[in-house]
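Sequence lines set the chain letters: A, B, ... in the order given, protein chains first and strands last, and positions in each chain run from 1.
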2 protein chains.
Amino acid sequence: MNDEQKLDRIDRKILSILQSNARISNQQLSEEVGLSPSSCLKRTRRLEDAGLLGPYLASINLDSLCRSVTVLATVVLKDHTKEAFIAFQKHANSIPEVLECYMVSGSFDFFLRIVAADMNSYNHINDRLLDSDVGVLKVSSHVVLNQSKSFEGFPLERLL
Amino acid sequence: MNDEQKLDRIDRKILSILQSNARISNQQLSEEVGLSPSSCLKRTRRLEDAGLLGPYLASINLDSLCRSVTVLATVVLKDHTKEAFIAFQKHANSIPEVLECYMVSGSFDFFLRIVAADMNSYNHINDRLLDSDVGVLKVSSHVVLNQSKSFEGFPLERLL
DNA sequence: CTTGAAAAATTTAAGAA
DNA sequence: TTCTTAAATTTTTCAAG
């Protein structure tokens with residue numbers, strides 16, 4: 001079933017390049033990794049089929065498009081049972097404005113990244129997170145004033 | 001200089017589609033938004049040139065590629081001067097494993113998302129963040145146990 | 001696993017509306 | 001701004017090494 005861990009230097013290079021330039025043509029990609037276009041394409045497809053690569057996302061400059069409020073929220077649950085964790089995740093994930101949901105160790109149970117049209121809108125989301133049946137003890141909201149570094153891919157050279 | 005705010009329904013649709021499917025062909029994109037391929041391409045280029053669209057990123061399944069540790073860290077600075085904030089951001093941004101850096105209001109000054117090969121590696125990064133000349137009072141590290149929702153684009157229909 | 005060539009499809013620029 | 005047309009480029013397949 002599991003045919004992974006066959007990543008050679010070229011596969012890594014493909015992943016690394018596509019990570020930050022997903023619209024590169026296969027032809028140019030093949031040049032940069034030193035393969036023929038057809039071989040390169042085959043490798044890319046294999047990586048995709050193995051679930052290692054994709055989906056492909058376009059970044060958009062939200063601030064230039066519209067006003068919005070980004071909030072990073074820490075969440076503590078009342079009960080630390082498996083069921084409580086699952087129930088909260090399901091609820092949080094169902095809210096479109098919740099962009100990311102991390103379960104963490106330490107003094108909080110979850111970190112959420114939330115984007116809303118304005119503070120009033122965020123308030124509604126905050127209320128939903130505190131709905132009685134979700135088991136939330138506390139939500140601390142931290143409004144983002146400034147983002148000095150945005151995600152642009154993992155540092156594979158440090159990780160692989 | 002500034003020729004924005006001319007986004008019509010079609011521009012929004014283009015942004016919305018590309019956000020979650022950056023490798024769609026221009027031909028298919030044009031069908032979905034109801035334009036000819038050339039008109040559609042022209043709009044996409046205009047959005048790119050206006051800085052509203054791009055770069056294009058490929059997601060990769062890091063967990064399937066290798067073991068790694070993701071940590072969400074909250075940071076409090078010693079001094080809350082403008083210079084101190086700038087100095088810290090510059091330092092944090094220079095660390096490849098720091099994927100994102102948010103300046104926030106509330107009980108913390110910054111949130112960082114950090115990915116490291118292992119705990120030992122994270123320790124080094126933590127040490128660097130605490131370097132005496134950076135002005136950090138406290139770093140609280142929260143190891144990610146589980147990510148139940150990953151970023152897949154902004155909910156434009158809620159924001160625009 | 002690779003190459004290289006051919007066929008299919010797409011991108012892109014130019015001209016007309 | 002849009003579309004149509006046509007050329008240039010790219011993707012994709014496939015036979016062969």
Where chain A begins and ends its contact with DNA chain C, read 5' to 3' at 4.0 Å from heavy atoms: C/dC1 to C/dG4
Spacing of A/D49 atom CG relative to D/dT12 atom P, expressed in whole Å: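 Computing the A/D49:CG to D/dT12:P distance gives 12 Å.
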Quick check: closest heavy atoms across [X] and [Y], and the distance to 0.1 Å?
{"X": "B/K149", "Y": "A/L99", "value": "CG-O, 3.8 Å"}
{"X": "A/A116", "Y": "B/L159", "value": "C-CD2, 3.5 Å"}
{"X": "B/F151", "Y": "A/L57", "value": "O-CD1, 3.8 Å"}
{"X": "A/I114", "Y": "A/A73", "value": "CD1-CB, 4.2 Å"}

Counterpart residues, side chain to side chain contact (heavy atoms under 4.5 Å, CB included), relative to B/S30 (two or more places apart):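 For B/S30 the side chain to side chain contact (heavy atoms under 4.5 Å, CB included) partners, ignoring immediate neighbours, are B/P37, B/C40.
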Those residues that, when tested against B/N21, pass side chain to side chain contact (heavy atoms under 4.5 Å, CB included) (two or more places apart): B/I24
Joint hydrophobic cluster, A/F110 plus A/L130, side-chain heavy atoms closer than 4.5 Å: yes
B/Y56 ring center within less than 6.0 Å of A/Y56 ring center: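 Between A/Y56 and B/Y56, the centre distance exceeds or equals 6.0 Å.
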Dump every N/O contact between nucleotides 14-17 of chain D and the protein below 3.5 Å, one line per pair.
none

Residues in contact with DNA chain D, drawn from residues 21-36 of chain B - heavy-atom cutoff 4.0 Å: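 B/L35, B/S36, in order of number.
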Basic-acidic side-chain contact under 4.0 Å: B/K138, B/D109: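 No.
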Residue whose nearest DNA chain C nucleotide is more 5′ - B/R45 or A/R46: A/R46
A/F108: ring-ring contact (aromatic ring centres under 6.0 Å, His included) partners, not counting sequence neighbours: A/F111, B/H142
